[in-house]
Number of protein chains: 2
Amino acid sequence: MLKRIAIVEDEAAIRENYADVLRVQGYQVQTFANRESACKAFAISLPHLVILDIGLEQEYDGGFTLCQWLRNISTTLPIIFLTARDNDVDTVSGLRIGADDYLTKDISLPHLSARIAALFRRQEALKQPTAESSLLTLGPLTIDNQRMSIVWQQQSVDLTITEFWMVFALAKNPGHVKNRQQLMKDSNIYVDDSTITSHVKRIRKKFNQIDKDFNCIETVYGMGYRWNKDEK
Amino acid sequence: MLKRIAIVEDEAAIRENYADVLRVQGYQVQTFANRESACKAFAISLPHLVILDIGLEQEYDGGFTLCQWLRNISTTLPIIFLTARDNDVDTVSGLRIGADDYLTKDISLPHLSARIAALFRRQEALKQPTAESSLLTLGPLTIDNQRMSIVWQQQSVDLTITEFWMVFALAKNPGHVKNRQQLMKDSNIYVDDSTITSHVKRIRKKFNQIDKDFNCIETVYGMGYRWNKDEK
DNA sequence: AACAAATGTGGCAACAATGTGGCAATTACA
DNA sequence: TGTAATTGCCACATTGTTGCCACATTTGTT
C-alpha cells in the first residue's frame, strides 16, 4: 500500500527537495506552503504522515497550530516537525502538543527517511491485533505467547496450558465481558459451564499466591468474566 | 499506571543521572550496565520502554545486538538509543534495526523526557482504536455492548443483565415508546407485566443514585416506556 | 369529585449463578 | 510403569438477581 506523506513548509526550495527525495523512496507526496491550503486538503483526506515546519509564511507558530488541529482530528496520525530552529524549548513544546518527532533541517536525508520508516514501522507493529504479537503487556501483567508464560508484577505465574489460554482470552480484550461459551472456544476446550468456574477459581488462586490483592478477573453476574485492568 | 523504563548503559555516572531524573518524573526505572544482565531481566519481564547505549563494556555494538534481540521478542516495545556517537551511519542503522528514536547524549533532560512522553503517548493512542467498537452514545449515556457496561455522565452504572438489556432496548430507539411485551422480548424474559414495572423502578433507582435529576425513562400512561433524550 | 385503571414502592421468597473443596479420570512425564 | 500434574465435574455453601405481591400513588375518564 502506497503511503501518502504531506509536507507543510513555506520555502519552496526545501519543500521540493524533500518531496523529491521521498518520492524516490516510493512515497506519494503532497506539498503545501501554508496552513490554510494544508487544512483544506486534510479536511478531505488525511495523509499517512505529516511533516511540518513551525513557521509558515505570516504565521510564526503556524506549524504548532496545525499540529494541534491535526491531533484533534486524529490521535494516531504520525506528525514530524522539521525546522531550522534548534532549541529545546521548541522541541519540548512540539513534542508536548503531540508531535511524534522533532528534527532540525540540518539532518541528512537518509536520516530523515530512516526516521520516517521507523515511525511507519511502529505504526504497523501496533496495528497488528494483539493476538499476533508475541508479547502483551497490560499494567502489571505480561503475557508471552511464544513462551506461554505469564508474569505478574515481575513474578512468573505458573499456569497450566488451559489456564494460560483463559487468561490470554480475557486479557486480550481488557474490560470486555466474555461468557463461558466464548472462553471455552478461546481456550480450545468444550466442557461444562461449571468447569469454567473451576478454572477461574484456580487461576485466581495462583495469582493470589503472588499478590494477595489481585482481583483483575471480575465476575459479571449472569454474563461471564472480564479482565479489569483498573483494579489492582 | 506506573511505567517501567530500563536503562542499559555502562557508564555508571550517566546511567544513574538519567535514572534519577526519570524517577523524579514518576517512572519506575531499572538500570543495567551490560547486555547480559539486561537480557536476563528482560527474559523474565519486559519494561515498557528501553533506553540503550550502543557501546556496552567489551561489546562495541552491544546495544545494537540487544535491540535486535528485543525486537524479536516484541515488535511494539519502544526502544530509544542514547549515545555519544553523532553520525548518520549509526543513526540510520539504529533506526533500521527497529529503534524508535535515536538521541545523542548532549540532549537536555527535558528534551529526553519529552521524547519519552511522546513515545508513550503514541503507544497509548494506537492502543485505543481496538477498544472503540460497539458503542452507543446518546448524550450523557454511553452503552458498550462488549464491555456490557453503561455509563451515565462519565460514571458507570452498575446494572444487572436484565436491566442492561432493558436500558439497551429503550435507548436503541430514543423517543420511541416500547410496551411491556416488546421490552420483555428485547430483554429475553417473559414475565408478568408488573415485573417490568419493577425492573424500571430498579433501573431508575440506580441512575438516580448517580444523578438525582435523571428522568430519561419516561412513563407513557397506558402504552409503556420511552427513552427521552431531551430531558435531562 | 369519584372511580377504575395504570403505575410506583418496599419487601420478600424462590431461584439462578457463582465460589469452594474435593475427588476421580485422564494425561504427561520420568 | 509408577508418580505427579492436570482436568472436568459434583455436592454443597454463598451470593446476587428476579418475579411477584400488597399497598400507595398517580393518571385519565365520566
Side-chain angles (χ1 to χ4, degrees), chain A residues 147-150 156-170 177-209 212-228 231, chain B residues 148-150 156-170 177-209 211-228 231:
Chain A
R147 300 171 40 205
M148 303 271 284
S149 75
I150 291 198
S156 159
V157 189
D158 183 30
L159 300 177
T160 67
I161 316 131
T162 314
E163 289 162 359
F164 173 86
W165 286 118
M166 285 198 52
V167 172
F168 184 68
L170 287 169
V177 177
K178 293 237 171 189
N179 64 34
R180 290 178 159 68
Q181 300 303 315
Q182 292 172 304
L183 285 173
M184 283 181 208
K185 204 176 159 201
D186 288 352
S187 313
N188 300 307
I189 52 176
Y190 197 62
V191 291
D192 194 273
D193 276 4
S194 71
T195 304
I196 298 296
T197 314
S198 282
H199 280 297
V200 170
K201 171 190 59 177
R202 287 190 274 253
I203 292 169
R204 282 179 173 150
K205 196 173 181 181
K206 287 184 180 178
F207 273 93
N208 274 133
Q209 281 169 358
K212 66 179 174 48
D213 295 326
F214 172 89
N215 65 339
C216 283
I217 300 180
E218 188 184 352
T219 60
V220 187
Y221 194 94
M223 306 182 191
Y225 296 92
R226 117 174 90 200
W227 189 273
N228 194 335
E231 300 292 322
Chain B
M148 302 284 276
S149 78
I150 291 198
S156 156
V157 190
D158 184 31
L159 301 177
T160 67
I161 336 153
T162 314
E163 290 162 0
F164 177 87
W165 287 120
M166 284 194 57
V167 171
F168 186 71
L170 287 169
V177 179
K178 292 235 170 192
N179 66 33
R180 289 175 159 67
Q181 300 304 315
Q182 291 172 305
L183 284 174
M184 283 182 208
K185 204 177 160 198
D186 288 352
S187 312
N188 300 307
I189 52 175
Y190 193 63
V191 291
D192 193 275
D193 276 5
S194 72
T195 305
I196 298 297
T197 313
S198 279
H199 280 298
V200 171
K201 170 191 60 177
R202 286 190 276 252
I203 292 169
R204 282 177 173 153
K205 194 174 181 180
K206 286 184 180 177
F207 274 92
N208 274 133
Q209 280 170 357
D211 172 8
K212 64 180 173 49
D213 296 327
F214 172 88
N215 66 338
C216 283
I217 299 180
E218 189 184 350
T219 310
V220 186
Y221 191 90
M223 304 270 165
Y225 297 93
R226 121 175 90 194
W227 189 273
N228 194 334
E231 300 292 321

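What you see is a predicted model, and the numbers here were worked out from it, not measured in a lab. First the proteins, then the strands, lettered A, B, ... as listed; each starts at 1.
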What integer distance in Å separates [X]:[atom1] from [N]:[atom2]?
{"X": "A/M148", "N": "D/dT6", "atom1": "CE", "atom2": "P", "answer": "12 Å"}
{"X": "B/K206", "N": "D/dT18", "atom1": "NZ", "atom2": "C1'", "answer": "11 Å"}
{"X": "B/Y221", "N": "C/dA5", "atom1": "OH", "atom2": "P", "answer": "9 Å"}
{"X": "A/K201", "N": "D/dT7", "atom1": "NZ", "atom2": "P", "answer": "13 Å"}

Hey, which sits more toward the 5' end of DNA chain C by its nearest nucleotide, B/R180 or B/S198?
->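 That would be B/R180.
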
Should B/Y225 be listed as having a side-chain N or O under 4.0 Å from OP1 or OP2 of C/dG8?
->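 Yes.
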
Phosphate contact (D/dG19 OP1 or OP2) by B/H199 side-chain N/O below 4.0 Å = yes

Should A/R180 and A/T197 be marked as a side chain to side chain donor-acceptor pair (under 3.5 Å) after you check the CA-CA gap, both sets of side-chain angles, and the distance that decides it?
-> CA-CA 9 Å; A/R180 290 178 159 68; A/T197 314; 2.9 Å; yes

Is B/K178 reaching over with its side chain to a backbone N or O of B/G224, donor-acceptor style, under 3.5 angstrom?
->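 No: the side chain of B/K178 does not pair with the backbone of B/G224.
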
With no hydrogens and no angle check, is any side-chain donor or acceptor of A/R226 less than 3.5 Å from a backbone partner on A/V220?
-> no

Report yes if a donor N or O on one partner sits less than 3.5 Å from an acceptor N or O on the other, where the partners are the side chain of A/R202 and the base of C/dG19; otherwise report no.
-> no

Can you label the angle between the B/F207 ring and the B/W227 ring as parallel, tilted or perpendicular, going by 30° and 60°?
->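 Correct class here is perpendicular.
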
Under 4.0 angstrom, heavy atoms only, what part of the nucleic acid is A/T195 near: base, sugar-phosphate, or nothing?
-> base

